Amino acid sequence: MRKLAVVMAVLALAGCENEVEGVHKQVAEYLQNPKTAKFANVRIDTQGSICGQVRGKDDAGQYEAYRSYVAIKHDGQYEIIVDETGNNLRIREVCGGADLQRRADALADQPAPEGWDVEVIQGANMGALSDMTARLIEKGIPSSVEYRDGKPVVLMGPFPTKAEAEARKADVMARLGTDSIVIQHGAKR
């Protein structure tokens with residue numbers, strides 16, 4: 001009986017792997033050079049949707065910045081969405097961070113006397129917090145961990161201007177494929 005369970009688990013994982021490969025082929029078609037696609041932070045939710053980040057080489061042969069994507073499963077087929085702006089709410093609704101995005105959007109036009117932070121989006125299956133902070137340290141990106149409602153969050157900043165925070169957000173996505181959002185420093189979250 002145990003062997004049967006192990007075989008079934010292996011077959012289920014093989015099926016998932018084939019689905020992920022198929023989704024990655026579809027996602028790669030959104031890139032200038034699909035054959036150069038590199039994927040990061042790939043995860044599958046309980047409904048079978050696949051989230052992650054992707055990048056590929058441009059026509060000059062240089063890797064572009066990572067972009068978030070989601071493949072939403074509907075009746076055995078996938079709807080592919082690739083984030084062109086870095087703020088796609090639909091992707092965050094499926095992959096995590098939608099509530100944070102909505103709160104940040106609500107405060108976006110208000111002055112931030114204490115500056116701006118960049119908060120790493122921590123959706124389901126994002127891995128250990130220590131791994132995330134280690135990757136930031138490895139790339140020379142200072143960060144801190146703050147506890148909010150008893151849960152740790154990774155922050156970079158504060159930055160004096162929103163433009164500086166947006167630049168750090170873009171840098172972290174480009175270099176690590178780690179999704180984040182710009183929020184007001186010290187704002188109630």
Side-chain angles (χ1 to χ4, degrees), residues 9 12-13 16 20 23 39-55 65-73 81-83 85-189:
L13 287 174
C16 286
V20 171
V23 163
F39 294 88
N41 305 317
V42 178
R43 55 210 182 273
I44 303 171
D45 72 9
T46 56
Q47 284 76 40
S49 295
I50 301 169
C51 298
Q53 280 74 39
V54 62
R55 73 177 181 171
Y66 278 100
R67 294 182 281 177
S68 293
Y69 73 89
V70 65
I72 305 168
K73 194 169 190 175
I81 304 171
V82 177
D83 193 349
T85 65
N87 294 311
N88 189 300
L89 186 58
R90 181 70 179 121
I91 291 174
R92 292 202 171 128
E93 286 171 342
V94 176
C95 301
D99 290 340
L100 183 59
Q101 175 77 48
R102 286 186 191 98
R103 285 190 296 252
D105 288 347
L107 296 172
D109 294 332
Q110 297 179 18
E114 296 181 48
W116 299 88
D117 286 325
V118 178
E119 182 175 334
V120 173
I121 302 275
Q122 298 178 127
N125 303 322
M126 283 299 290
L129 184 72
S130 58
D131 292 343
M132 189 179 310
T133 55
R135 287 189 353 226
L136 290 167
I137 290 168
E138 184 179 280
K139 294 291 185 179
I141 301 171
S143 64
S144 62
V145 176
E146 176 182 299
Y147 283 83
R148 192 178 308 132
D149 298 326
K151 295 181 182 178
V153 295
V154 178
L155 296 174
M156 292 163 275
F159 297 93
T161 67
K162 189 173 184 181
E164 290 174 86
E166 291 285 352
R168 176 57 53 91
K169 173 188 170 203
D171 179 51
V172 169
M173 178 58 103
R175 292 177 23 188
L176 296 171
T178 301
D179 198 10
S180 57
I181 190 162
V182 173
I183 59 172
Q184 287 186 350
H185 179 75
K188 291 193 180 225
R189 298 170 188 100

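No experiment lies behind these values; they were computed from the predicted model shown.
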Side-chain heavy atoms of [X] within contact of [Y], under 4.5 Å:
X      : Y      : result
Arg168 : Pro142 : yes
Ile181 : Ile121 : yes
Arg67  : Gln53  : no
Val94  : Cys51  : yes
Ile50  : Val70  : no
Val154 : Leu136 : yes
Val172 : Val120 : no

- Answer yes or no: is there a donor N or O on one side and an acceptor on the other, between the side chain of Asn41 and the main chain of Gly177, under 3.5 Å?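 Yes, because the side chain of Asn41 sits within donor-acceptor range (under 3.5 Å) of the backbone of Gly177.
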- Query: Under 3.5 Å, side chain of Asp45 to main-chain N/O of Gln47, donor-acceptor pair present?
  - Reply: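 Here the side-chain-to-backbone pair exists.
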- Evaluate side chain to side chain contact (heavy atoms under 4.5 Å, CB included) for Val145 paired with Thr133, printing each intermediate quantity in order. CA-CA 8 Å; Val145 176; Thr133 55; 3.9 Å; yes
Hey, what do you get for [atom1] ([X]) to [atom2] ([Y]), rounding to the nearest 0.5 Å?
X      : Y      : atom1 : atom2 : value
Met132 : Thr178 : CE    : OG1   : 6.5 Å
Ser144 : Leu155 : OG    : CG    : 5.0 Å
Trp116 : Lys162 : CH2   : NZ    : 4.5 Å
Arg55  : Arg175 : CZ    : CZ    : 11.0 Å
Met156 : Ser143 : CE    : OG    : 7.0 Å
Ile72  : Arg90  : CD1   : CZ    : 4.0 Å

Minimum heavy-atom distance [X]-[Y], with the two atoms named:
X      : Y      : value
Ile91  : Asn88  : N-OD1, 3.0 Å
Cys95  : Arg43  : CB-NH2, 3.8 Å
Ala165 : Val118 : O-CG2, 3.2 Å

- Message: Once ring-ring contact (aromatic ring centres under 6.0 Å, His included) is applied, do any residues pair with Phe159, and if so which ones, sequence neighbours excluded?
- Response: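 By the ring-ring contact (aromatic ring centres under 6.0 Å, His included) rule, Phe159 matches no residue at all.
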Decide, yes or no, whether a salt bridge links [X] with [Y] under the criterion of side-chain N to carboxylate O below 4.0 Å.
X      : Y      : result
Arg135 : Glu138 : no
Glu164 : Lys169 : no
Arg92  : Asp179 : yes

- Message: If you apply the rule side chain to side chain contact (heavy atoms under 4.5 Å, CB included), what do you find for Asp83 with Tyr66, and how did you get there?
- Response: CA-CA 10 Å; Asp83 193 349; Tyr66 278 100; over 6 Å; no
